[in-house]
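See structure below.
Sequence positions, counted from 1, serve as the residue numbers for this chain. None of these values were measured; they are calculated from a predicted model.
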Amino acid sequence: MFLGGCAQSPKHPAQGQTALNTLVEYNKWQARGKIAFIAPDDRQSVNFNWQYTNNKQALTLTSFIGTQILKMTELAQYSELVIDGKSYTGPESGPLIQRVSGWQLPIKQAPSWFTATRFENDFQLDSTGRVKQASWQDEQGKIWTIKYQRYRNFSGLTLPARLTLSHQDITIKIQINAWQFDS
């Protein structure tokens with residue numbers, strides 16, 4: 001839990017998709033783990049710290065020895081990206097990351113796919129009612145598919161622990177080692 005000014009009991013939603021959709025009530029979360037970007041001509045693997053607060057995201061990617069590779073922050077009117085000490089700005093995070101780093105990442109929809117919540121129509125559930133696979137179109141018109149390979153219990157919440165995003169010949173594998181929530 002994030003430290004705050006008042007004590008709160010953790011929320012424990014019911015099982016299945018209903019449980020995952022209750023995460024909508026959280027306006028602040030943080031996830032940490034590893035992410036691998038795989039393309040036909042490139043393969044990168046980094047640690048990540050992904051934060052979501054009041055509809056804005058922050059993403060920090062670091063090497064395995066802790067060197068910051070990329071830091072993206074969404075602000076009120078624009079997004080800022082810092083790579084190698086240089087700052088870049090743009091109206092949307094996803095296109096900014098792709099323009100500067102070359103990595104394609106559907107950032108705008110991340111609060112939905114990262115937490116396996118808020119999919120409209122194109123999703124499949126497993127036998128326990130959790131999202132197994134989903135597809136959507138990002139703001140650039142790209143069709144993305146996500147597969148959830150594993151869920152784990154983090155502080156009473158059933159959350160994704162391993163997932164794979166794909167678009168054409170791009171694959172992004174994510175392993176989530178820790179979640180923190182605050183409402």
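Side-chain heavy atoms closer than 4.5 Å link hydrophobic residues (I, L, V, M, F, W, Y) into clusters, and following such links, even through other members, never connects Val82 to Leu59. In this structure, Ile143 is not a member of the same hydrophobic cluster as Ile146, with clusters built from ILVMFWY side-chain heavy atoms closer than 4.5 Å. Residues Ile38 and Ile172 fall into different hydrophobic clusters, defined by Ile, Leu, Val, Met, Phe, Trp and Tyr side chains chained together at heavy-atom separations under 4.5 Å.
Sorted by first then second residue, the ring-ring contact (aromatic ring centres under 6.0 Å, His included) pairs that include residues 60-100, not counting sequence neighbours, number zero. Within the structure, side-chain hydrogen bond (donor to acceptor under 3.5 Å, both in side chains) contacts touching residues 59-68 (residues at least two apart or in different chains) do not occur.
A distance of 9.5 Å separates CD in Gln109 from CH2 in Trp144, rounded to the nearest 0.5 Å. From Ser45, atom OG reaches atom CD1 of Ile35 across 9.0 Å, with rounding to the nearest 0.5 Å. A distance of 15.0 Å separates CZ in Arg162 from NZ in Lys147, rounded to the nearest 0.5 Å. To the nearest 0.5 angstrom, Trp29 atom CH2 is 8.5 Å from Tyr52 atom OH. Of the inter-residue distances, the one linking Lys132 atom NZ with Gln149 atom CD reads 11.5 Å to the nearest 0.5 angstrom. Between the CG atom in Leu165 and the CG atom in Leu105 there is a gap of 7.0 Å [rounded to 0.5 Å].
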Apply side chain to side chain contact (heavy atoms under 4.5 Å, CB included) to residues Leu61 and Phe37 and explain how you reach the verdict.
CA-CA 12 Å; Leu61 302 179; Phe37 295 92; 4.2 Å; yes
Ser135 vs Thr145, test: side chain to side chain donor-acceptor pair (under 3.5 Å). Steps then yes/no.
CA-CA 4 Å; Ser135 295; Thr145 299; 3.2 Å; yes
Between Lys71 and Leu81, does a side chain to side chain contact (heavy atoms under 4.5 Å, CB included) hold up when you go through it step by step?
CA-CA 6 Å; Lys71 184 172 184 171; Leu81 185 64; over 6 Å; no
Where do Ile69 and Ile83 land on the side chain to side chain contact (heavy atoms under 4.5 Å, CB included) test, with the steps shown first?
CA-CA 6 Å; Ile69 297 168; Ile83 296 179; 5.8 Å; no
Between Thr115 and Trp179, is a side chain to side chain contact (heavy atoms under 4.5 Å, CB included) present by the stated rule, with each step listed?
CA-CA 10 Å; Thr115 59; Trp179 281 98; 3.8 Å; yes
Gln30 and Asn49: CA distance, side-chain angles, deciding distance, side chain to side chain donor-acceptor pair (under 3.5 Å) verdict
CA-CA 7 Å; Gln30 177 180 12; Asn49 183 335; 2.9 Å; yes
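Closest approach of Thr89 and Arg99 over heavy atoms only: O-NH2, 3.2 Å. Among all heavy-atom pairs drawn from Ile170 and Ala39, the shortest one is CD1-CB, 3.9 Å. Here the closest non-hydrogen pair linking Asp42 and Gln44 is OD1-NE2, 3.1 Å. Between Phe154 and Asn177, the shortest heavy-atom contact is CE2-O, 3.6 Å. Minimum interatomic distance between Ile107 and Trp50 (heavy atoms only, all atoms of both residues): CD1-CZ2, 3.7 Å. Across Asp169 and Pro40, no two heavy atoms sit closer than the pair OD2-CG, 3.0 Å.
Of the possible donor and acceptor atoms, one in the side chain of Glu74 sits under 3.5 Å from a partner among the backbone N and O of Gln57. Counting only distance, with no hydrogens or angles, the side chain of Asp84 and the backbone of Lys86 share no donor-acceptor pair below 3.5 Å.
Crowding of Lys56 atom NZ: a count of heavy atoms from other residues, nucleotides or ligands under 6.0 Å exceeding 12. For Arg43, the CZ atom sits in a loose shell: 12 or fewer heavy atoms of surrounding residues, nucleotides or ligands are nearer than 6.0 Å.
Residues passing the side-chain hydrogen bond (donor to acceptor under 3.5 Å, both in side chains) test with Trp103, sequence neighbours excluded: none. In this structure, Gln133 has no side-chain hydrogen bond (donor to acceptor under 3.5 Å, both in side chains) partners at least two apart in sequence or on a different chain. Residues forming a ring pair (Phe, Tyr, Trp, His ring centres under 6.0 Å) with Phe48 (at least two apart in sequence, or on another chain): Phe114. Every residue was checked against the side-chain hydrogen bond (donor to acceptor under 3.5 Å, both in side chains) condition with Asn153, not counting sequence neighbours, and none meets it.
Taking the side chain as every heavy atom from C-beta outward, Tyr151 and Val131 approach each other to under 4.5 Å. Looking only at side-chain heavy atoms (C-beta outward), Leu96 and Ser93 stay at 4.5 Å or farther from each other. Within the 4.5 Å cutoff, no side-chain heavy atoms of Ile176 are placed close to those of Arg32. Residues Thr158 and Arg130 meet the side-chain proximity criterion, which asks for heavy atoms closer than 4.5 Å.
Between the side chains of Gln104 and Lys142, at least one donor-acceptor pair of N or O atoms lies under 3.5 Å. Checked by atom type, the side-chain pair Glu80/Ser87 shows a donor-acceptor distance below 3.5 Å.
Under the 30°/60° scheme for interplanar angles, the aromatic rings of Trp136 and Trp113 are found to lie parallel.
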